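A quick write-up on the structure given underneath.
On a predicted model such as this, the values are computed, not experimentally measured, just so you know.
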Amino acid sequence: MQASRARLFKEYKEVQREKVADPDIQLVCDDTNIFKWTALIKGPSETPFEGGIFQLAFAVPEQYPLQPPQVRFLTKIFHPNVHFKTGEICLDILKNAWSPAWTLQSVCRAIIALMAHPEPDSPLNCDSGNLLRSGDLRGYYSMARMYTRLAAMPKKG
């Protein structure tokens with residue numbers, strides 16, 4: 001547990017230094033628990049998520065970095081690899097392809113990449129996956145865009 005605290009503290013210091021370097025990711029550690037983090041990530045450009053700000057919740061295990069963090073979307077998102085109700089993310093690096101070389105920041109980068117390049121063949125959101133698998137890009141984009149507008153964009157006025 002001491003090693004995981006030291007690693008997380010090191011990542012915390014890195015995040016403080018990189019705030020300006022990576023404007024797409026804002027990682028914040030809970031004030032009272034170093035094993036709980038949140039992130040705000042910007043939807044990638046030229047995707048239906050562009051212009052949206054999506055909140056992620058990280059639950060970091062005491063065996064970190066030997067075990068991956070549990071990460072989920074708190075912001076509703078229409079994406080084949082994200083469970084619509086729970087926000088659970090289907091991403092290999094959060095499961096069987098995890099490596100201690102990954103950091104919370106690089107996990108955020110991988111999630112942004114997944115947003116831009118969905119994997120419809122392993123869907124957690126079947127409706128979204130089916131639209132993409134059937135070639136209905138217009139349907140997928142319009143649904144994803146609608147949920148981005150409803151859940152991830154600041155309200156005007």
- Task: Measure the acute angle between the ring planes of Tyr140 and Phe78, then classify it against the limits of 30° and 60° as parallel, tilted or perpendicular.
- Result: tilted
- Query: Should Ile89 and Ile111 count as side-chain neighbours, where that means a heavy-atom distance under 4.5 Å?
  - Reply: yes
- Query: Would Met115 end up clustered with Met146 when hydrophobic side chains under 4.5 Å apart are linked, directly or stepwise?
  - Reply: yes
- Separation between CD of Glu88 and CZ of Phe73, rounded to the nearest 0.5 Å: 12.5 Å
- With no hydrogens and no angle check, do the side chains of Ser134 and Asp136 hold a donor and an acceptor under 3.5 Å apart? no
- Message: Let me confirm one number: the OG1-CE distance from Thr75 to Met153, rounded to the nearest 0.5 Å.
- Response: 12.5 Å
- Message: Looking at Glu50, I'd like to know if its CD atom is crowded, meaning that more than 12 non-hydrogen atoms belonging to other residues, nucleotides or ligands lie closer than 6.0 Å.
- Response: yes
- Query: In Å, rounded to the nearest 0.5 Å, how long is the span from CG of Leu56 to CD1 of Ile25?
  - Reply: 9.0 Å
- Query: What is the distance from atom SG of Cys90 to atom NE2 of His83, rounded to the nearest 0.5 Å?
  - Reply: 11.5 Å
- Task: Supply the atom-to-atom distance Ile77 CD1 to Phe54 CZ, rounded to the nearest 0.5 angstrom.
- Result: 4.5 Å
- With sequence neighbours excluded, give me every salt bridge (charged side-chain N to carboxylate O under 4.0 Å, His left out) pair touching residues 52-73. none
- Query: Taking C-beta and beyond as the side chain, do Lys95 and Asp92 meet within less than 4.5 Å on heavy atoms?
  - Reply: no
- Hey, does the Lys NZ or Arg CZ of Lys36 hover above the aromatic six-ring of Phe58, less than 6.0 Å from the centre and inside 45° of the axis? no
- In the hydrophobic clustering that connects Ile, Leu, Val, Met, Phe, Trp and Tyr at side-chain heavy-atom distances below 4.5 Å, which members other than Ile53 occupy its cluster, ordered by chain and number? Leu40
- Query: If you look only at pairs with a residue in residues 105-123, which of them pass as a salt bridge (charged side-chain N to carboxylate O under 4.0 Å, His left out), with sequence neighbours excluded?
  - Reply: Asp22-Arg109, Asp24-Arg109
- Pairwise distance SG(Cys108) to NZ(Lys42) - rounded to 0.5 angstrom: 13.5 Å
- Indicate yes or no: does Glu14 engage Lys10 in a salt bridge with an N to O separation below 4.0 Å. no
- Trp37 vs Tyr12 side-chain heavy atoms within contact, under 4.5 Å: yes
